[in-house]
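Heads up: the structure comes next, in structure tokens.
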There are 2 protein chains.
Amino acid sequence: MNRIEKHTVTNREKFINAMIRDILSGRWNPGDKLPSQREFAEKMGIGKTVIQSGFEHLAAMGLVEIKPKSGIYVADYMKTGNIETLNAIVQLNGSELGREVIVGILDLRLAIEGTALRALSLCRTSEDVLRLRSLTEDIRECSVDVGLEELAERFFLWHREICILSGKPILTLFMNTMHDVSIAFWVRYLGMYGLDFAVDRLDRFIDFIEARDGNGAYDLLAAGIADYLDRLENQA
Amino acid sequence: MNRIEKHTVTNREKFINAMIRDILSGRWNPGDKLPSQREFAEKMGIGKTVIQSGFEHLAAMGLVEIKPKSGIYVADYMKTGNIETLNAIVQLNGSELGREVIVGILDLRLAIEGTALRALSLCRTSEDVLRLRSLTEDIRECSVDVGLEELAERFFLWHREICILSGKPILTLFMNTMHDVSIAFWVRYLGMYGLDFAVDRLDRFIDFIEARDGNGAYDLLAAGIADYLDRLENQA
DNA sequence: TGCGGTCATCTGGTCCGACCAGTTTCGTTA
DNA sequence: TAACGAAACTGGTCGGACCAGATGACCGCA
């Protein structure tokens, strides 16, 4: 692991994590009015500012709705939530994601990365190809030294590079938005297929890009995702 | 407008907005080290906490990178930014979005909503259809009373309802993630095609869904997006 | 002259208690 | 009974105090 010796947990984090757990586990229901910031502060024996800051964070994750000067309510997060909500769910449930959630995520990934692959295949330069090959080599080399999380991060960066090189900066922004969720996915993927298989696939992507075969690259991605879902189906 | 009488602008917002402007306009460049929080605080004559809170927000938008105990640096936001970065850009540039940005956004929208349309066409109940017709009617009725922004919000909610009813909650989360960007899009769209055309299209979507014709609904969406991009091309 | 260690100074991070301005509630008054 | 208004809430803002890690200049030793 890379962040074992996590800095001492602050009161703010303690509060946030407790609230995430309580809300996602159903201790409170959407629409419920929460106790006031002052009550939370008193109960935890800390200042109100800390609670305020924590609620700001929870609101950004779409878990609560703050009505100024009135109160704070549990949000109907599956309706009003955003990608941060998904991150919170992924973080809490670890690898225990439902198939439905995974399908949704992969639909999006195919859309984002498929578009990038097609665009890059059209506009790629020889430098682009070299860059990707070099990244692939790095992954192969470092694979014995680093942990699973770090490897997942490398795979994420490899695929993000596709977006960056494709000349479609918006796709890169979306890719980054899905960072946390993607890491959870890659950890699972690497555990399921093994590193060698995964790295070989990267090479095949590069081959398609080098040959300017955008559809080939897209189909490879689509087939990979379909196979992944099949395995998930069968193992469950 | 819905929020004209905006609450008095706080120091925190003043600072954040000034920084967004300075960074996006290129006053600072990616990698530059910013003055310390204390310097900013002194210069503005306010407390350091406000600056700290503001920088936290800027970091969440992907505009700056905070290196604890060291300093705060301008991020290479087109590489490391996320959807919040895009929101900031949209907010600053208003309707002056580049074609490239719009294409990227619409690619994603087709992916998200196209998937939802197909799914809903398969699983729709008669209540779903009634619900959508009722929403459409609401838009038609309120169209004379409300401003353009409010109308754009209604169109957003209509399309979000597709995701909600489709039984794919992840799509809803993504849809919400794109809320701010979508509003900017709808304002533009309504100005370009007019309200009547836009509402009629909603009816056509419902017809396809009622007939359980997922591909038809998808094609309608794809054709609409393609036409929009054509117009954009020709007018520029 | 060059190297290594030490310590003051700088950074961001956390926290508190006071204050502000709307909202809500409830008792008083017409 | 209905309208009013004050008091008791609510979340939001703010400045100053303190913490711990990073930094870098400075001093002493080889």
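Below, read A as the first sequence line, B as the second, and so on, with proteins coming before strands; counting in each chain starts at 1.
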[N] [atom2] sits how many Å from [X] [atom1], rounded?
X: B:F40; N: C:dT11; atom1: CZ; atom2: C1'; value: 14 Å
X: B:F55; N: C:dG13; atom1: CZ; atom2: P; value: 10 Å
X: B:I46; N: C:dC19; atom1: CD1; atom2: C1'; value: 16 Å
X: B:I51; N: D:dG15; atom1: CD1; atom2: P; value: 9 Å
X: B:E42; N: C:dT11; atom1: CD; atom2: P; value: 11 Å
X: B:E13; N: D:dG12; atom1: CD; atom2: P; value: 11 Å
X: B:Y73; N: D:dA22; atom1: OH; atom2: C1'; value: 10 Å
X: B:F15; N: D:dT13; atom1: CZ; atom2: P; value: 15 Å

Tabulated below should be each protein N or O lying under 3.5 Å from an N or O of nucleotides 18-21 of chain D; please produce it.
{"residue": "D:dA20", "atom": "N3", "partner": "B:K69", "partner atom": "NZ", "Å": "3.4"}

Let me confirm one number: the [atom1]-[atom2] distance from [X] to [Y], rounded to the nearest 0.5 Å.
X: B:M192; Y: B:L190; atom1: CE; atom2: CG; result: 10.5 Å
X: A:I46; Y: A:F40; atom1: CD1; atom2: CZ; result: 10.5 Å
X: A:T49; Y: A:R12; atom1: OG1; atom2: CZ; result: 12.0 Å
X: B:K79; Y: A:I164; atom1: NZ; atom2: CD1; result: 5.0 Å
X: B:L173; Y: B:K168; atom1: CG; atom2: NZ; result: 13.0 Å

- Message: Heavy atoms from C-beta onward define the side chain here; which of D:dT13, C:dT14, C:dC16 lies closest to that of A:Q52?
- Response: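 Per side-chain heavy atoms of A:Q52, the pick is D:dT13.
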- Message: Can you tell me which nucleotide in D:dT10, C:dT11, C:dC15 comes closest to the side chain of A:E39?
- Response: D:dT10
- Is B:G54 touching bases, backbone alone, or none of the nucleic acid, heavy atoms closer than 4.0 Å? nothing
- Task: Answer yes or no: side-chain N or O of A:T49 and base N or O of C:dG17 forming a donor-acceptor pair under 3.5 Å.
- Result: yes
- Mark yes when over 12 heavy atoms from residues, nucleotides or ligands other than A:E42 sit less than 6.0 Å from its CD; otherwise mark no.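 Result for CD/A:E42: open.
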- Here the residues of residues 57-65 of chain B within 4.0 Å heavy-atom distance, strictly under, of DNA chain C are none
- Message: Less than 4.5 Å apart, side chain to side chain, heavy atoms only: is that true for A:L63 and A:L24?
- Response: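 When only atoms from C-beta onward are counted, A:L24 and A:L63 do touch, with a gap below 4.5 Å.
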- Query: Can you check whether B:I139 reaches B:W158 side chain to side chain, under 4.5 Å on heavy atoms?
  - Reply: yes
- OP1 or OP2 of C:dT14 sitting under 4.0 Å from any side-chain N/O of A:N11?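 The answer is no; no side-chain N or O of A:N11 sits under 4.0 Å from OP1 or OP2.
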- Item | Phosphate OP1/OP2 of D:dT10 contacted by A:Q37 side-chain N/O (<4.0 Å) | no
- Message: For A:W186 together with A:Y189, are the ring centres under 6.0 Å from each other?
- Response: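 Centroid separation for A:Y189 and A:W186: below 6.0 Å.
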